[in-house]
Peer 1: 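Before we start, here is the structure in question, set down as structure tokens.
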Amino acid sequence: MLDGSEMSKKMSKETKVFDDRLSERIDELRWLYIELYENDWMFAELIGQMGVFYGDRGEDLKKLDLYREEHRDWYKKNDKLGMMLYADRFSKNLKGVKRHLSYLAEAGVNVLHLMPFFDTPKGESDGGFAVKDFRKVRSDLGEMEDLSDLTAACHRRDICVCSDFVMNHTSDQHEWALKAKTGDGEYMSRYYFFDNEEITRQYDETVPQVFPSTAPGNFSWVEEVNHFVMTRFHGYQWDLNYHNPRVFNEMVYNLLYLANRGVDIIRLDAVPYIWKELGTDCRNLLQVHTIVRLIRLITEIVCPGVLLLGEVVMEPEQVVPYFGTVEKPECHMLYNVTTMASVWHTVATRDARLLRKQIDTVAELPKEYIFLNYLRCHDDIGWGLDYGFLAQFGIEEAAHKKYLNDYFLGIDGYSNSRGEIYNDDPSTGDARICGTTASFCGIEKAVSEKDEKAISKAIDLDVMLHAFMLMQSGVPVIYSGDEIGQQNDYSYKNDPEKADDSRYLHRGKFRWDLEKKRASGKSVEGRLFGRLRELEKIRNKHKAFLSDADVWTENAANESILCVGRYHDGEKIYGVFNFSENEKTAWFDNGGAYRDLLSRKLVPMKEIKLEGYEFRILMEESLPD
């Protein structure tokens, strides 16, 4: 035990660490805050509370902060593999997730993304994104202490933990909302309340609806106070008013509280929407970037080992600004949403030209920019593609979106896919699609028909898509169950609370009964799990997969084939992927010999024949004399 003198020295040293970080950033922090809020008193309160949260931060977390400050590229290596899951879907609760960390380790996972676990109202939770209390775990999932225990256990296994932080709105059952319903002006000012319907109409003229089928209009009527309140996502999710500095401060305190529970990556949910101005579309406004930059500075002072992950589901030119600049960064990482949508477009069209353009676009960005790459996530797939580029091939947006949805429903394009529509908007004809990776790839249909040839082909497609995902720079993320080929779960239709939300089609409970089959190399589960682990080990082993590697695409003289090259420190690797179910030939004119990292055979880089959905991972190698 430390005596009084030693304790004083320790506290003095820790205070100096905080003070040094603060002094390095205080000028910009204050300038941005006062520019936004013109409130010195609230700024002083913020700084004081930052000191409190730093003092409350555990010793192990402070040590981790120091290590990550010294190794700022710790999350940019090629050894990261993420998995996103719902605790109750995976293993009942947070304690259950902790019990199964050994399975995650066997799967090679070292980034665990826990989907929302905060307290939400039963029946109106939006899958956990309608938060009732930011400092309370949903009762069926456990307690905050269970979260701290889980993150500590993950850290002992070198697994970092990601958690969602819902910035844009709260549940209408949140403490603030309940007080606002009583007419308390202090709490009404934390949301967007209007008693004049004309103002809501003016907003609707320029603000597009996020989910027209679930939240028609951007406002809901609150009977208790005879006012409209802004509800852009659902009627029971009230948009927070970040014009109010009290909202910013309190939400920052909630974020720091979460960080002090051991969360390493904080996902800023719906971040483009958090600032509203009448006469705009209320997305991607400059003040949003000011707020994200403020949060980045605050975390660098209090908990610099914590990363910010921006959820920006938009086209690349709107996504990239959320990285900030190299000199004034905002988010550490962003989702590679457009590439994900382009992958499934390529599956349905057997044409890799759009995907090639997308890879080239990302490759031109600064290498400091880190994307999370994935095939499927907890949400639906929206078809936000580059229709300007596709127009040159005679592709028209509305018709193409319908074709893509019909393909993944399994009713067009010689498709073996199985999926369901989500958020169909009859007024525009627009819709999104839901389904697991395995069901999209045809495994569900082939297994139901007991067609072994079709099963093998569907597995080949599934593995090929994962191989392409692992070929990209950044952090690859698997949705829980994809590693064993889990299929669509139609049981959600029997649950009244979920029956109208087809996203639960791919949010089924993890099939531990199927997981046991992965030991068999003949089972679907074993064939997928084993082949994916082999690919992950190749990625971990070779420096060409580092995030700062050079990346480019090669013309394979075949529209169905995508060729991606990577180079780092003398090591060159090509990934060659056939997106057609039929045999195709790739033609190259660079010559040279390459070692197939899967078969270990030498392959001349000239004429490469690929069976349907076949791929090669090739590393340059000198031919023997």
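Atom set for the values below is all heavy atoms of this structure, side chains included, hydrogens, waters and symmetry mates excluded.
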Peer 1: Tell me, with the steps shown, if Arg267 and Asp164 meet salt bridge (charged side-chain N to carboxylate O under 4.0 Å, His left out).
Peer 2: CA-CA 5 Å; Arg267 175 185 180 269; Asp164 292 276; 2.4 Å; yes
Peer 1: Considering only heavy atoms from C-beta outward, does the side chain of His227 approach that of Phe194 to under 4.5 Å?
Peer 2: no
Peer 1: Check this for me: Glu38, atom CD, are more than 12 non-hydrogen atoms of other residues, nucleotides or ligands nearer than 6.0 Å?
Peer 2: no
Peer 1: Does a side chain donor of either Asn488 or Tyr490 reach within less than 3.5 Å of an acceptor in the other side chain?
Peer 2: yes
Peer 1: If you apply the rule ring pair (Phe, Tyr, Trp, His ring centres under 6.0 Å), what do you find for Tyr374 with Tyr335, and how did you get there?
Peer 2: CA-CA 8 Å; Tyr374 57 102; Tyr335 286 107; 5.6 Å; yes
Peer 1: When rounded to the nearest 0.5 angstrom, what distance separates CG in Asp239 from CG in Asn218?
Peer 2: 8.5 Å
Peer 1: If you define the side chain from C-beta out and look only at heavy atoms, does anything of Asp264 sit under 4.5 Å from Leu307?
Peer 2: no
Peer 1: Please check if any side-chain donor atom of Asn93 sits under 3.5 Å from a side-chain acceptor atom of Asp146, or the reverse.
Peer 2: no
Peer 1: In sequence, state the C-alpha distance, the side-chain angles, and the governing distance for Asn244 and Tyr37, and then conclude on side-chain contact (heavy atoms from CB on, under 4.5 Å).
Peer 2: CA-CA 8 Å; Asn244 184 341; Tyr37 293 121; over 6 Å; no
Peer 1: Keeping Thr151 on the side-chain end and Arg261 on the backbone end, is there a donor-acceptor pair under 3.5 Å?
Peer 2: yes
Peer 1: Between Thr339 (side chain only) and Asn336 (backbone N and O only), is there a donor and an acceptor less than 3.5 Å apart?
Peer 2: no
Peer 1: Can you find a side-chain donor-acceptor pair between His234 and Gln237 that sits under 3.5 Å?
Peer 2: yes
Peer 1: Mind jotting down which residue pairs meet the ring pair (Phe, Tyr, Trp, His ring centres under 6.0 Å) criterion with at least one end in residues 259-287? Sequence neighbours excluded, please.
Peer 2: Phe233-Tyr273, His243-Trp275
Peer 1: Could you tell me whether Arg432 and Asp379 have a side-chain N and a carboxylate O separated by less than 4.0 Å?
Peer 2: no
Peer 1: What orientation do Phe510 and Phe90 show, parallel under 30°, tilted 30 to 60°, or perpendicular over 60°?
Peer 2: tilted
Peer 1: Verify the neighbour count for atom NZ of Lys92: are there more than 12 heavy atoms of other residues, nucleotides or ligands below 6.0 Å?
Peer 2: no
Peer 1: Any salt bridge between Lys509 and Asp489, counting N to O under 4.0 Å?
Peer 2: no
Peer 1: Pick out which of Phe117, Phe129, Phe134 makes a ring-ring contact (aromatic ring centres under 6.0 Å, His included) with Phe165.
Peer 2: Phe134
Peer 1: Any heavy-atom pair between the side chains of Leu258 and Leu147 that's under 4.5 Å?
Peer 2: yes
Peer 1: Classify the ring geometry of Phe323 against Tyr369: parallel below 30°, tilted from 30° to 60°, perpendicular beyond 60°.
Peer 2: parallel
Peer 1: For Trp221 and Phe228, take the angle between the two ring planes, folded into 0 to 90°, and tell me which bin it lands in: parallel under 30, tilted 30 to 60, perpendicular over 60.
Peer 2: perpendicular
Peer 1: Within the structure provided, determine whether Tyr504 and Cys434 are in side-chain contact (heavy-atom separation under 4.5 Å).
Peer 2: no
Peer 1: Ignoring hydrogens, what is the shortest heavy-atom contact between Glu300 and Pro304? Give both atom names and the distance.
Peer 2: O-CB, 3.5 Å
Peer 1: Verify, without hydrogens or angle tests, whether Asp65 (side chain) and Gly305 (backbone) share a donor-acceptor contact under 3.5 angstrom.
Peer 2: yes
Peer 1: Please tell me if the side chains of Leu404 and Tyr407 come closer than 4.5 Å, counting only heavy atoms from C-beta onward.
Peer 2: no
Peer 1: May I ask you to check whether over 12 heavy atoms, not counting those of Ile411, lie within 6.0 Å of atom CD1?
Peer 2: yes
Peer 1: I would like to know whether His100 and Trp512 meet ring pair (Phe, Tyr, Trp, His ring centres under 6.0 Å); could you show each step before the answer?
Peer 2: CA-CA 11 Å; His100 287 295; Trp512 289 104; 3.9 Å; yes
Peer 1: When you measure from the side chain of His506 to the backbone N and O of Gly435, does any donor-acceptor pair fall under 3.5 Å?
Peer 2: yes
Peer 1: May I ask you to say whether Glu205 pairs ionically with Arg201, meaning some side-chain N is under 4.0 Å from a carboxylate O?
Peer 2: no
Peer 1: Is there a salt bridge (charged side-chain N to carboxylate O under 4.0 Å, His left out) between Lys493 and Glu420? Walk through the geometry before answering.
Peer 2: CA-CA 12 Å; Lys493 298 176 185 289; Glu420 289 186 353; 2.9 Å; yes
Peer 1: Under the 3.5 angstrom rule, does the side chain of Thr200 hit a backbone N or O of Glu197 as a donor-acceptor pair?
Peer 2: yes
Peer 1: Under 4.0 Å between a side-chain nitrogen and a carboxylate oxygen: does that hold for Arg138 and Asp140?
Peer 2: yes
Peer 1: I'd like to know whether His400 forms a side-chain hydrogen bond (donor to acceptor under 3.5 Å, both in side chains) with His345, so could you lay out the CA-CA distance, the side-chain angles of the two residues, the decisive distance to 0.1 Å, and finally the verdict.
Peer 2: CA-CA 9 Å; His400 191 57; His345 152 89; 2.9 Å; yes
Peer 1: Please find the pair of heavy atoms, one from Ala87 and one from Leu141, that lie closest to each other, and give the distance.
Peer 2: CB-CD2, 4.2 Å
Peer 1: Where the side chain of Arg89 meets the backbone of Ser480, is there a donor-acceptor pair that is under 3.5 Å apart?
Peer 2: no
Peer 1: Does this structure show an ion pair linking Arg376 with Asp482, if we count only N-O contacts that are shorter than 4.0 Å?
Peer 2: no
Peer 1: Answer yes when Glu45 and Arg246 have at least one side-chain N-carboxylate O distance shorter than 4.0 Å, and no when they do not.
Peer 2: yes
Peer 1: Hey, is the main chain of Pro121 close enough, under 3.5 Å, to the side chain of Ser125 for a donor-acceptor pair?
Peer 2: no
Peer 1: Given 3.5 Å as the limit, does a donor-acceptor pair link the side chain of Ser502 with the main chain of Ile421, or not?
Peer 2: yes
Peer 1: Is the shortest heavy-atom distance from the side chain of Glu28 to the side chain of Leu297 under 4.5 Å?
Peer 2: yes
Peer 1: Start with the C-alpha gap between Asp430 and Trp383, add the side-chain angles, then the distance that decides, and say whether side-chain hydrogen bond (donor to acceptor under 3.5 Å, both in side chains) holds.
Peer 2: CA-CA 9 Å; Asp430 204 2; Trp383 301 114; over 6 Å; no
Peer 1: I'd like to know whether CD of Glu143 has more than 12 heavy-atom contacts from other residues, nucleotides or ligands below 6.0 angstrom.
Peer 2: no
Peer 1: Looking at Arg503 and Asp126, is there a salt bridge between them, counting it only when a charged N and a carboxylate O are closer than 4.0 Å?
Peer 2: yes
Peer 1: Strictly below 4.0 Å, N to O, side chains only: are Lys179 and Glu186 in salt-bridge contact?
Peer 2: no
Peer 1: Judged by atom type as modelled, is there a donor-acceptor pair below 3.5 Å linking the side chain of Asp133 to the main-chain atoms of His174?
Peer 2: no
Peer 1: Are any non-hydrogen side-chain atoms of Glu35 and Trp31 less than 4.5 angstrom apart?
Peer 2: yes
Peer 1: Scan side-chain atoms only and decide if Tyr33 and Asn249 contain a donor-acceptor pair under the 3.5 Å cut-off.
Peer 2: yes
Peer 1: For the aromatic rings, using the six-membered ring if either is Trp, is the centroid distance between Tyr322 and His289 under 6.0 Å?
Peer 2: yes
Peer 1: Looking at every non-hydrogen atom in both residues, tell me the closest pair between Leu375 and Met340 and how far apart they are.
Peer 2: O-CG, 3.3 Å
Peer 1: If the plane angle is over 60° it's perpendicular, under 30° parallel, otherwise tilted; pick one for Tyr191 and Trp176.
Peer 2: perpendicular
Peer 1: Using 0.5 Å steps for rounding, measure from the CD1 atom of Ile395 to the CG atom of Leu385.
Peer 2: 9.0 Å
Peer 1: Side chains of Arg57 and Asn260: any donor to acceptor distance under 3.5 Å?
Peer 2: yes
Peer 1: Crowded around Lys402 NZ? As in, over 12 foreign heavy atoms under 6.0 Å?
Peer 2: no
Peer 1: Could you check if a side-chain atom of Tyr203 sits within less than 4.5 angstrom of a side-chain atom of Phe219, using non-hydrogen atoms only?
Peer 2: yes
Peer 1: Whether the side chain of Gln486 engages the backbone of Arg511 through a donor-acceptor N/O pair (distance < 3.5 Å, no angle test) should be reported.
Peer 2: yes
